[in-house]
S.K.: 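Here's a structure for you.
Protein chains get the first letters and strands the later ones, always in sequence-line order, with residue 1 at the start of each.
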Number of protein chains: 2
Amino acid sequence: MSSPAAARGEKAASQTLKAVLKLRDLIVSGELAPGERVPELQMVERLDVSRTPVRAALMRLEQENLVEALPGGGYAVRRLSEPDILVSIEMRGTLEGLAGRLAAERGVSAAHLAEAGEILDGIDRIVRPLDLDIDLALYVDLNAGFHALIAEMAGSPALTLEIERVAAMPFASPSALVPLEAGSPATHHVLTIAQEQHRTALEAIAAREGSRAEAILREHARNAQRNLRRALASGRQLMELAGGRGR
Amino acid sequence: MSSPAAARGEKAASQTLKAVLKLRDLIVSGELAPGERVPELQMVERLDVSRTPVRAALMRLEQENLVEALPGGGYAVRRLSEPDILVSIEMRGTLEGLAGRLAAERGVSAAHLAEAGEILDGIDRIVRPLDLDIDLALYVDLNAGFHALIAEMAGSPALTLEIERVAAMPFASPSALVPLEAGSPATHHVLTIAQEQHRTALEAIAAREGSRAEAILREHARNAQRNLRRALASGRQLMELAGGRGR
DNA sequence: AACCGGCATTTGGTATACAATGCCACCCCG
DNA sequence: CGGGGTGGCATTGTATACCAAATGCCGGTT
């Protein structure tokens with residue numbers, strides 16, 4: 001193809017990454033309908049890469065549960081039902097709970113505890129003030145950092161990787177369902193509760209109370225389930241993001 | 001790709017599958033040392049397929065945690081420590097526990113219960129007699145079937161898929177108890193215990209006792225941890241434990 | 001109207017070429 | 001003699017052309 005794509009200020013590091021990003025966007029934005037077939041050649045023109053990275057991207061998205069391999073060959077956009085998403089969240093909670101328990105049982109370094117504490121302090125500074133105008137972007141950042149840290153504290157790369165994998169599933173990320181309106185009291189309330197769970201979970205880990213940490217982290221993920229249900233009840237927007245299937 | 005013969009683990013249906021199988025074997029058998037780079041071209045000749053399926057296989061094995069992507073490109077055989085494997089097993093137990101709980105909470109069809117019951121009857125016929133000469137191959141088959149059924153009873157494709165993925169990690173499969181010798185009393189004992197857990201887990205699911213099912217299934221997976229520890233303690237090389245995976 | 005056969009499309013796979021990258025050994029210069 | 005290049009080699013990522021098998025659609029035939 002053309003030689004210096006980067007010279008024009010394009011953002012693609014590798015063609016495969018470019019394809020993954022674009023494809024994921026097409027699916028999540030609903031431009032590719034659930035159940036729809038994803039022909040490679042069509043994607044070649046739509047994504048402006050050759051077949052090779054398209055195929056690589058499809059394989060990766062298969063791992064992410066965004067597309068499924070068809071028995072006869074090829075791929076189709078996965079249909080995501082509400083229960084599917086709820087289970088994904090439950091899986092994340094379960095695995096994060098496992099991570100928390102392992103971290104508690106094995107004990108974690110002071111450095112880890114300190115780092116986690118700092119993140120939580122940061123969240124406090126966002127959530128504690130009665131100022132309703134919350135910096136959601138910053139919250140999402142810190143929140144993701146805290147969850148990543150919990151995974152890491154278990155000291156098992158395999159577990160960390162698995163949590164990441166599950167969290168990559170649509171709407172299963174710890175930060176996926178925060179998009180409530182930035183100014184509302186409901187948002188403030190939800191975040192306050194979540195932060196309290198962060199605190200107690202970290203406390204339990206520090207105190208080496210394994211099952212307590214596990215239970216809290218599981219329950220913590222259920223916040224996301226509740227948020228999802230509420231978002232769905234108050235309008236289908238999220239489902240459209242998930243891939244359009246209004247139903 | 002998938003031909004009709006794919007059902008009973010016959011010869012490679014597709015080149016990719018052939019590559020995955022062979023490559024997995026090379027890694028698990030230790031012919032490719034942990035940490036070693038896996039050059040594509042070298043694999044092309046060793047596996048007797050072209051680059052495309054080799055790359056596909058490497059991507060698959062990456063998600064199975066058998067190889068890891070190197071920052072500069074390419075892949076290397078993953079180093080697996082004992083704790084890593086133990087955590088993998090713990091993850092499987094945790095997710096199977098989740099599946100059992102969900103199945104219990106949601107209730108399962110009579111057909112599913114009957115099918116599971118039949119499998120357990122089959123295992124009984126192998127394990128119950130005091131004949132120590134156990135048909136391990138058949139046991140492994142039935143055992144894998146039972147575990148697959150538990151996953152399926154949760155009614156969530158995403159969860160089933162995730163359990164399969166975790167079980168595909170080295171030595172994490174429910175059937176990876178192959179360090180057992182076919183004739184020994186110890187083996188008979190281990191299998192008897194495991195089967196009792198199968199029974200009680202199914203009973204809990206049928207009775208819709210969610211947390212009981214979850215606890216039993218978790219504990220059940222810990223058998224595998226114990227077996228692995230014992231095998232390691234008795235001086236065997238990890239690589240000898242290759243073992244079958246479900247499917 | 002139902003059925004049948006053939007054609008077009010699509011995919012998995014092979015082969016090949018080429019650019020970018022990283023690594024290493026070797027060489028030149030101080 | 002040693003350090004800093006520096007060029008070459010190996011390898012990966014990407015593009016592209018092509019092929020065989022599978023799939024499904026379309027039109028013709030009975």
S.K.: Which atoms form the tightest heavy-atom contact between B/E31 and B/E36, and what is the distance?
M.R.: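 Looking at all heavy atoms of both residues, the closest pair is O-OE1, 4.4 Å.
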S.K.: Given C/dG12, D/dA15, D/dG13, identify the nucleotide with an atom nearest to the side chain of B/S14.
M.R.: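 Nearest listed nucleotide: C/dG12.
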S.K.: Answer yes or no: side-chain N or O of B/R51 and base N or O of D/dG13 forming a donor-acceptor pair under 3.5 Å.
M.R.: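 It does, because a donor-acceptor pair links the side chain of B/R51 to the base of D/dG13 below 3.5 Å.
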S.K.: Students often get this wrong, so: under 4.0 angstrom with heavy atoms, is A/R55 touching a base, only sugar-phosphate, or nothing?
M.R.: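 Base: the residue A/R55, judged by heavy atoms under 4.0 Å, touches a nucleobase.
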S.K.: Starting at atom CD of B/Q15, determine the distance to atom C1' of C/dT14, rounded to an integer number of angstrom.
M.R.: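 Interatomic distance, CD of B/Q15 to C1' of C/dT14: 10 Å.
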S.K.: Taking atom C1' of C/dA15 as reference, at what distance in whole Å does atom CG of B/D48 sit?
M.R.: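 Taking atom C1' of C/dA15 as the reference, CG of B/D48 is at 14 Å.
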S.K.: Using atom NZ of A/K18 as one end and atom C1' of D/dG13 as the other, report the distance to the nearest whole Å.
M.R.: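 After rounding, the reported distance stands at 14 Å.
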S.K.: Rounded to the nearest angstrom, tell me the gap between atom CG in A/L70 and atom C1' in C/dG12.
M.R.: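 A/L70 atom CG is separated from C/dG12 atom C1' by 14 Å.
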S.K.: Looking at A/R60, I'd like to know if its CZ atom is crowded, meaning that more than 12 non-hydrogen atoms belonging to other residues, nucleotides or ligands lie closer than 6.0 Å.
M.R.: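 For A/R60, atom CZ is not crowded (no more than 12 foreign heavy atoms under 6.0 Å).
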S.K.: Please classify the nucleic acid contact of A/V54 as base, sugar-phosphate, or nothing, using heavy-atom distances under 4.0 Å.
M.R.: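 A/V54: no heavy atom of the nucleic acid under 4.0 Å.
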S.K.: Locate the shortest heavy-atom distance separating B/I126 from B/Y139; write the atom from each residue and the value.
M.R.: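 Heavy-atom minimum between the residues: CD1-N, 3.8 Å.
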S.K.: Does any non-hydrogen side-chain atom of B/T52 lie less than 4.5 Å from one of B/S50?
M.R.: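 Yes, close enough: below the 4.5 Å cut-off.
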S.K.: Would you call the rings of A/H198 and A/H220 parallel, tilted or perpendicular if under 30° counts as parallel and over 60° as perpendicular?
M.R.: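 It falls in the perpendicular class, over 60°.
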S.K.: Counting only distance, no hydrogens or angles, is the base of D/dA15 paired donor-acceptor with the side chain of A/T52 under 3.5 Å?
M.R.: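 Answer yes: a donor N or O sits under 3.5 Å from an acceptor.
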S.K.: Could you please name the option among C/dT11, C/dG13, D/dA15 that lies closest to any side-chain atom of A/S50?
M.R.: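 The answer is D/dA15.
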S.K.: Atom CZ of A/R37 to atom P of C/dT9: distance rounded to whole Å?
M.R.: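 After rounding, the gap between these two atoms is 14 Å.
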S.K.: Whole-Å distance between C/dA8 P and A/L41 CG?
M.R.: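 Nearest whole value for this atom pair: 17 Å.
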S.K.: In whole Å, I'd like the distance from the CD atom of B/E45 to the C1' atom of C/dA15.
M.R.: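 So the two atoms are 16 Å apart, to the nearest Å.
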S.K.: How long is the line joining CD of B/E40 and P of D/dT14, in whole Å?
M.R.: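 Nearest whole value for this atom pair: 11 Å.
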S.K.: Ignoring backbone atoms, test whether B/T16 places a side-chain nitrogen or oxygen under 4.0 Å from the OP1 or OP2 oxygen of C/dG13.
M.R.: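 It does, given that an N or O in the side chain of B/T16 lies less than 4.0 Å from OP1 or OP2 of C/dG13.
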